Protein chains: 2
Amino acid sequence: MEDKLTRIKQLLSSQRFKLTPQRQATVQVLLEHQEDHLSAEDVYLLVKDKAPEIGLATVYRTLELLTELEIVHKMNFGDGVTRYDLRRDEDASHIHHHLVCMNCGAVQEIDYLLQDVEKIVEETFDFSIMDVRLTFQGICSKCKTDPVVQEKYFKHPHHL
Amino acid sequence: MEDKLTRIKQLLSSQRFKLTPQRQATVQVLLEHQEDHLSAEDVYLLVKDKAPEIGLATVYRTLELLTELEIVHKMNFGDGVTRYDLRRDEDASHIHHHLVCMNCGAVQEIDYLLQDVEKIVEETFDFSIMDVRLTFQGICSKCKTDPVVQEKYFKHPHHL
DNA sequence: TTCATTGCAAATCGTTTGCATGAGG
DNA sequence: CCTCATGCAAACGATTTGCAATGAA
């Protein structure tokens, strides 16, 4: 992980960007929450613990910068908030799929299956894929046991 | 298509909702643009031709209502705008995938492949899928011939 | 009359921007 | 000094909401 921070610092300075305390704090928060999918607001609140004086705008600017450098990944589950993620590594970049529970909001990654599908799409449509976002929305196994959830999602026929 | 309008009217009235002129105009716009992926604003402008007095809020409310009734499909390509689509038909509901060109913004549907993947996900994760959103972002065959596009997306190694 | 529905304007929410200040080379 | 980066507050764009007016059952 120090590894990663060092690499990021190099990447920044190679393009004349500085690893300021605010940026470092932001990266650290992302490193500590690799499994989560934090919104800018989430990141902001977490960074405030490390650097209380930071402004929300700086967090947005930092996340935007890191996105341009392809260090973080910007995503969007349709709930009106953009979420950010450290990228795993350099090239297997465009594999990033999720199970989103419509009840509890839990997000689980499923970063495999699908290489074949990508290949077919590229060939069939002569389309150069730069990024793939596959999101399954549904009910996770935990929520499935909740009677309220069952009533809401499983009882009614969807089209009367 | 009259077919479809009638069915929608039935669906509405079965739940004590009325097919007001505004709602009808909105549905008609959606029917006339089944291939597009219109934003609320787009729909609003198109509906204004048919019913100039309509308000944007009503369009939003109508689209929300139609979404709840599973008549339209709400989606999101990460550009900060929600887009809406008439659903094709009743049950093969959750198959709705897209190729989005990062250059010209063209959206092409690829509503097949993937049934197997869905099945695997359901079983592997004990996850009940209610909706799937698969988006490939990349460069379409048309844009690929543009030298500016080539320079921007295909020349530079992504990580120096 | 009653209740859903509407148009309008104001409010809200996430995000971006302008600007004056501050820190580092 | 010069530039980049910051914090703050204002601006912004998409969407939602409050409310009084409308209109069909």
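Chain naming here is simple, since letters A, B, ... match the order of the sequence lines and numbering starts at 1 in each. Owing to the predicted nature of the structure, the values given are computational and were not obtained by experimental measurement. The analysis underlying the following values was restricted to heavy atoms, covering all of them including side chains, and did not include hydrogens, waters or symmetry mates.
Atom P of nucleotide C/dT6 and atom OH of B/Tyr44 are separated by 14 Å, given to the nearest angstrom. Across the protein-nucleic acid pair, B/Asp79 atom CG and C/dG14 atom P stand 18 Å apart, rounded to whole Å. Atom CD in B/Glu64 sits roughly 17 Å away from atom P in D/dA14 (whole-Å rounding). Protein atom CZ of A/Phe17 is 16 Å distant from nucleotide atom C1' of C/dG24, rounded to whole Å. Atom pair A/Leu19:CG and C/dG24:P shows a separation of 13 Å (rounding to whole Å applied). Atom pair B/Glu68:CD and C/dA4:C1' shows a separation of 15 Å (rounding to whole Å applied). At whole-Å resolution of the value, CG in B/Leu56 and P in C/dT6 are 13 Å apart. In this structure, A/Lys9 atom NZ and C/dG24 atom P are separated by 12 Å, rounded to whole Å.
Among the atoms of the strands shown, only primed sugar atoms or phosphate atoms (P, OP1, OP2) are found under 4.0 Å from some heavy atom of B/Glu53. Residue A/Gln22 is in sugar-phosphate contact alone, with no base atom involved, counting any heavy-atom pair closer than 4.0 Å across all strands shown. Using a 4.0 Å heavy-atom criterion, one finds that A/Ile54 contacts the sugar-phosphate atoms exclusively.
Summarising the geometry of A/Ser39 relative to A/Val81, their closest heavy-atom pair is CB-CG1, 3.4 Å, with the distance given to 0.1 Å. B/Met75 approaches B/Asp85 most closely through the heavy-atom pair CE-CB, 3.5 Å.
DNA chain D is contacted by both B/Thr82 and B/Arg61; B/Thr82 maps to the nucleotide lying nearer its 5′ end (nearest heavy atom per residue). For the pair A/Arg83 and B/Arg16, both in contact range of DNA chain C, the more 5′-proximal nearest nucleotide belongs to B/Arg16.
Remark: B/Tyr60 is not in phosphate contact with D/dT16, judged by side-chain N or O atoms under 4.0 Å from OP1 or OP2. The side chain of B/Thr58 contributes no N or O atom lying less than 4.0 Å from OP1 or OP2 of C/dT6. Remark: B/Arg23 is in phosphate contact with C/dT6, judged by side-chain N or O atoms under 4.0 Å from OP1 or OP2.
At least one donor-acceptor pair closer than 3.5 Å links the side chain of A/Arg23 to the backbone N or O of A/Lys18.
With respect to the salt-bridge test (charged N to carboxylate O, under 4.0 angstrom), the residues B/Lys48 and B/Glu53 do not qualify. A salt bridge links A/Lys50 with A/Glu32: the closest approach of a Lys/Arg side-chain nitrogen to an acidic carboxylate oxygen falls below 4.0 angstrom.
Between C/dT17, C/dT5, C/dG7, one nucleotide has an atom nearer to the side chain of B/Thr20 than all others, and that is C/dT5.
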